[in-house]
Amino acid sequence: QGRLVESGGGSVQTGESLRLSCATPGSDYKASSMTWFRQAPGKEREGVACLYTFDGTTDYAASVKGRFTISRDTAANTLFLQMDRLKPEDTAMYYCATDPGSCGPAWMNSGRYIVWGQGTQVTVSS
């Protein structure tokens, strides 16, 4: 199994942007769902966005749709999450995860993912 390495987190003000990266050294995940999750203190881990590497289809949580964009640089084996118009409620530890197969309707189910990164912290202050 490969490993996932997140980076790009930080502390920003409301309305600012961040771009998270998830490197997948040594693995190209040709037909896999690659998903960003987040977990705030005291809350359940929640799915943010999913990308199916085979055809590039994406899906988003309602809370981030229109503000966040998931993408992938195939040559660099890196997944991105562009986060614009950030809000304090976006504050969380962000993780990337991968699972064979398409995102599908159950992409937000964290239990299906078998490979996880270590997380990167995002803090948005008002």
Side-chain angles (χ1 to χ4, degrees):
Q1 290 180 349
R3 62 189 183 99
L4 307 177
V5 182
E6 302 98 332
S7 62
S11 296
V12 297
Q13 300 284 324
T14 297
E16 293 184 340
S17 299
L18 279 174
R19 188 173 83 153
L20 306 183
S21 299
C22 174
T24 62
S27 300
D28 57 12
Y29 295 109
K30 285 186 177 179
S32 301
S33 51
M34 298 205 71
T35 301
W36 287 99
F37 284 84
R38 66 186 180 186
Q39 188 166 20
K43 293 190 175 181
E44 296 285 320
R45 188 168 294 190
E46 63 171 345
V48 175
C50 185
L51 181 147
Y52 181 38
T53 61
F54 180 74
D55 60 10
T57 54
T58 58
D59 206 349
Y60 295 90
S63 59
V64 306
K65 203 165 188 177
R67 298 189 298 122
F68 290 12
T69 303
I70 189 171
S71 63
R72 183 170 181 254
D73 182 332
T74 304
N77 286 337
T78 302
L79 181 75
F80 300 103
L81 185 69
Q82 177 67 40
M83 306 187 295
D84 298 320
R85 303 194 305 279
L86 282 160
K87 305 175 182 180
E89 50 264 44
D90 296 317
T91 295
M93 184 71 79
Y94 283 71
Y95 301 88
C96 60
T98 187
D99 181 60
S102 63
C103 297
W107 70 268
M108 289 187 177
N109 177 9
S110 62
R112 66 175 262 194
Y113 293 88
I114 55 176
V115 182
W116 290 82
Q118 81 291 345
T120 186
Q121 177 68 38
V122 172
T123 303
V124 185
S125 55
S126 56

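Quick note: residue numbers are just sequence positions, from 1. Hydrogens, waters and symmetry mates are skipped; everything else that's a heavy atom, side chains included, is used.
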Report yes if some heavy atom in the side chain of [X] is under 4.5 Å from a heavy atom in the side chain of [Y]; otherwise report no.
X	Y	result
Leu4	Thr98	yes
Pro88	Thr14	yes
Phe80	Ile70	no
Trp116	Ser110	yes

Are the side chain of [X] and the backbone of [Y] linked by a donor-acceptor contact shorter than 3.5 Å?
X	Y	value
Asp90	Lys87	yes
Ser27	Thr24	no
Glu6	Leu20	no
Ser32	Pro100	no
Thr53	Ala31	yes
Ser63	Ala61	no
Arg85	Gly66	yes

Which pair of non-hydrogen atoms, one from [X] and one from [Y], has the smallest distance, and what is that distance?
X	Y	value
Arg112	Cys103	NH1-O, 2.6 Å
Ala40	Thr91	CB-O, 3.7 Å
Leu79	Cys96	CD2-CB, 4.4 Å
Gly8	Leu18	O-CD2, 3.8 Å
Lys43	Gln39	O-NE2, 3.1 Å
Arg72	Asn77	NH2-OD1, 4.1 Å

**Item:** Trp107 and Tyr52 aromatic centres sub-6.0 Å
**Value:**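 Not close enough - the centres of the two rings lie 6.0 Å or further apart.
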When hydrophobic residues are tied together by side-chain contacts of less than 4.5 Å, even through go-betweens, does [X] share a cluster with [Y]?
X	Y	result
Tyr60	Met34	yes
Phe54	Tyr29	no
Val124	Val64	yes
Val122	Val12	yes
Met108	Val48	no

**Request:** Might you confirm whether atom CD of Glu44 has over 12 heavy atoms from other residues, nucleotides or ligands at distances under 6.0 Å?
**Result:**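 No.
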Using 0.5 Å steps for rounding, measure from the [atom1] atom of [X] to the [atom2] atom of [Y].
X	Y	atom1	atom2	answer
Thr123	Gln13	OG1	CD	11.5 Å
Asp99	Asn109	CG	CG	9.5 Å
Ser125	Leu86	OG	CG	10.5 Å
Met83	Glu16	CE	CD	11.5 Å

**Prompt:** Using the ring of each side chain (for Trp, its six-membered ring), is Tyr113 parallel, tilted or perpendicular to Phe37, with breaks at 30° and 60°?
**Reply:**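 If you compare the ring of Tyr113 with that of Phe37, the planes turn out perpendicular.
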**Asked** Can Arg38 be said to sit on top of Tyr95's aromatic six-ring, NZ or CZ under 6.0 Å from centre and within 45° of the ring axis?
**Response**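 No, cation not above the ring by the 6.0 Å, 45° rule.
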**Request:** Begin with the C-alpha distance, continue with both residues' side-chain angles, and end with the deciding distance and a verdict on side-chain contact (heavy atoms from CB on, under 4.5 Å) for Cys50 and Ser33.
**Result:** CA-CA 6 Å; Cys50 185; Ser33 51; 3.7 Å; yes
**Item:** Intermediate values then yes/no, salt bridge (charged side-chain N to carboxylate O under 4.0 Å, His left out), Arg67 and Asp84
**Value:** CA-CA 5 Å; Arg67 298 189 298 122; Asp84 298 320; over 6 Å; no
